[in-house]
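Here's the structure we're looking at; comments come further down.
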Amino acid sequence: MPEGDTVWRLAQRLHEALAGRPLTRCDLRVPRLATVDLTGRQVLAVVSRGKHLLTRFGGGLTLHSHLRMDGAWKIYRPDERWRGGPAHQIRAILGTAEHTAVGYRLPVLDLLPTAEEPRVVGHLGPDLLGPDWDPAEALRRLLAAPERPLGEALLDQRNLAGIGNVYKSELCFVLRASPWLPVGELPAPERVPALARKLLEANRRRPARTTTPSARPDRRLWVYGRAGRPCLRCGTAVRTTGREPGAEERVTYWCPACQPDPPGGYRPSAAP
């Protein structure tokens, strides 16, 4: 699933392609929106909110989309061939005279009054890349359930909006904390919001996400995707919980030496 930095970058690209121009084509291919035609409406802005995308139009309407695991927005010039997938996977087409944005396999697509955006994103915590970023509020939310495992708390978008599985694993490693450590037992928990913000800010304009000092492609991430390979800090083999069908967001990577077991030794079964 794309994480906050990726969705922020996509919102910027969509905004640059569409904003300030009227739609010359609109086709929303989901049953409840099949009769909607936004042609002629000006695209005011495309913004991200955590992992959500909000496309705002003149007349007070917003198209809300979420990519989840398989969704994608692609941008094409008028003479460019569409390559995002077969036609039956297209869920949205928004075209201007200069560009066409095509939404493929979008599992979430809603049209609502702009004034009602809080209905679809109001539950989110402070956006790590948004103008509403509030580290004190993010920390308060994280610590509201001190018994909750750190990794699980980081993935909860009601705490901090924008963290996905990659940043969950990387943050826990940089903090030298087990992903299963109760968040209330984390030393200096105020570091968590600041570090999360720092990592996403550093990567929001990078096509290749990097959390380490290395420029080598195989060393850009500390632990994520490195199951069985040496930890970049201590050399111990990185471990993973493996994959559960339909639950990829639960995959966790960690170094058992740098991130020791929490008190009580709790840890799910893991693959080497």
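For His15, the ring pair (Phe, Tyr, Trp, His ring centres under 6.0 Å) test picks out no residue, with sequence neighbours left out. By the salt bridge (charged side-chain N to carboxylate O under 4.0 Å, His left out) test, Arg119 pairs with Glu116, sequence neighbours left out. Residues satisfying the salt bridge (charged side-chain N to carboxylate O under 4.0 Å, His left out) test with Arg56, not counting sequence neighbours, are Glu117. For Thr212, the side chain to side chain contact (heavy atoms under 4.5 Å, CB included) test picks out Thr210, Ser214, Trp222, Leu232, with sequence neighbours left out. Checked against side chain to side chain contact (heavy atoms under 4.5 Å, CB included), Thr24 has no partners two or more places apart in sequence or in another chain. Not counting sequence neighbours, the partners of His66 by the ring pair (Phe, Tyr, Trp, His ring centres under 6.0 Å) test are His52. Every residue was checked against the salt bridge (charged side-chain N to carboxylate O under 4.0 Å, His left out) condition with Arg13, not counting sequence neighbours, and none meets it. With sequence neighbours excluded, the residues forming a side chain to side chain contact (heavy atoms under 4.5 Å, CB included) with Ala145 are Glu147, Arg148, listed by chain and number. Residues that satisfy the salt bridge (charged side-chain N to carboxylate O under 4.0 Å, His left out) test with Arg220, not counting sequence neighbours, are absent from this structure.
Here the side chain of Arg41 pairs a donor or acceptor atom with the backbone of Gly58 at under 3.5 angstrom. Judged by distance alone, with hydrogens and angles left aside, the side-chain atoms of Thr241 form a donor-acceptor pair with the main-chain N or O of Thr252 at under 3.5 Å. Under the 3.5 Å distance criterion, the side-chain polar atoms of Gln157 are matched with a main-chain donor or acceptor of Ile163. Side-chain atoms of Thr114 come within 3.5 Å of backbone atoms of Leu61 as a donor-acceptor pair (strictly under, hydrogens ignored). At least one donor-acceptor pair under 3.5 Å links the side chain of Asn159 to the backbone N or O of Ala153. In terms of modelled atom types and a separation under 3.5 Å, the side chain of Glu170 and the main chain of Tyr224 share a donor-acceptor contact. Of the possible donor and acceptor atoms, none in the side chain of Arg91 sits under 3.5 Å from a partner among the backbone N and O of Pro107.
Considering NE2 of His99 and CD of Glu16, their distance stands at 9.5 Å, rounded to 0.5 Å. Rounded to the nearest 0.5 Å, atoms CG (Leu54) and CG (Leu14) are 11.5 Å apart. Separation of atoms CG (Leu44) and CZ (Arg21) is listed at 13.0 Å; rounding is to 0.5 Å. Rounded to the nearest 0.5 Å, atoms CG (Asp5) and CG (Leu10) are 11.5 Å apart. Separation of atoms CG (Asn203) and CH2 (Trp8) is listed at 11.5 Å; rounding is to 0.5 Å. Note that the NZ atom of Lys198 and the OG1 atom of Thr211 stand 11.5 Å from one another [nearest 0.5 Å].
Under the 4.5 Å side-chain heavy-atom criterion for Ile, Leu, Val, Met, Phe, Trp and Tyr, Leu150 and Leu195 are members of the same hydrophobic cluster. No continuous path of hydrophobic side-chain contacts links Val46 to Tyr104 [ILVMFWY only; heavy atoms under 4.5 Å]. Linking Ile, Leu, Val, Met, Phe, Trp and Tyr whenever their side-chain heavy atoms come within less than 4.5 Å puts Trp133 and Leu200 in one cluster. Under the 4.5 Å side-chain contact rule for hydrophobic residues, Val166 and Leu199 share a cluster. Ile90 and Val36 are not part of a single hydrophobic cluster, where members link through side-chain heavy atoms under 4.5 Å apart.
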Decide salt bridge (charged side-chain N to carboxylate O under 4.0 Å, His left out) for Arg49 and Asp132; before the verdict, give the C-alpha distance in whole Å, the side-chain angles of both, and the deciding distance to 0.1 Å. CA-CA 10 Å; Arg49 182 76 171 82; Asp132 71 327; 3.2 Å; yes
Take Leu28 and Leu63 through the test side-chain contact (heavy atoms from CB on, under 4.5 Å) and record every step on the way to the result. CA-CA 10 Å; Leu28 304 179; Leu63 187 67; 4.2 Å; yes
I'd like to know whether Val7 forms a side-chain contact (heavy atoms from CB on, under 4.5 Å) with Leu53, so could you lay out the CA-CA distance, the side-chain angles of the two residues, the decisive distance to 0.1 Å, and finally the verdict. CA-CA 7 Å; Val7 177; Leu53 283 166; 3.9 Å; yes
Derivation and outcome, salt bridge (charged side-chain N to carboxylate O under 4.0 Å, His left out), residues Arg140 and Glu137: CA-CA 5 Å; Arg140 185 193 70 78; Glu137 175 62 15; 2.7 Å; yes
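When all heavy atoms of Leu18 and Ala101 are compared, the closest pair comes out as CD1-CB, 3.9 Å. Looking at every heavy atom in both residues, Cys234 comes nearest to Cys255 through SG-SG, 3.6 Å. The two residues Val251 and Ser169 make their nearest non-hydrogen contact at O-OG, 4.3 Å. Closest approach of Thr240 to Ala227, counting heavy atoms only: CG2-CB, 3.6 Å. For the residue pair Pro193 and Glu190, the shortest heavy atom distance occurs at CD-O, 3.4 Å. Annotation for Ala237 and Gly228: closest pair CB-O, 4.1 Å, computed over non-hydrogen atoms.
Looking at Leu139 and Pro189, their side chains come closer than 4.5 Å, going by heavy atoms from C-beta outward. Within the 4.5 Å cutoff, the side chain of Cys172 has heavy atoms near those of the Gln259 side chain. The closest side-chain heavy-atom distance from Cys26 to Leu94 is below 4.5 Å. Side-chain contact between Arg209 and Glu3 is present, with at least one heavy-atom pair separated by less than 4.5 Å. The closest side-chain heavy-atom distance from Val120 to Leu112 is below 4.5 Å.
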Identify all side-chain donor-acceptor contacts of residues 122-130 below 3.5 Å with residues at least two apart in sequence or on another chain.
unit_1 : atom_1 : unit_2 : atom_2 : d
Asp127 : OD1    : Leu129 : N      : 3.0
Asp127 : OD2    : Gly50  : N      : 3.1

May I have the list of side-chain donor-acceptor pairs in residues 67-77 shorter than 3.5 Å, sequence neighbours left out?
unit_1 : atom_1 : unit_2 : atom_2 : d
Trp73  : NE1    : Ser65  : OG     : 3.2
Tyr76  : OH     : Arg83  : N      : 3.0
Tyr76  : OH     : Gly84  : N      : 3.0

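Residue pairs meeting the salt bridge (charged side-chain N to carboxylate O under 4.0 Å, His left out) criterion with at least one partner in residues 102-115, sequence neighbours excluded, are Arg32-Asp110.
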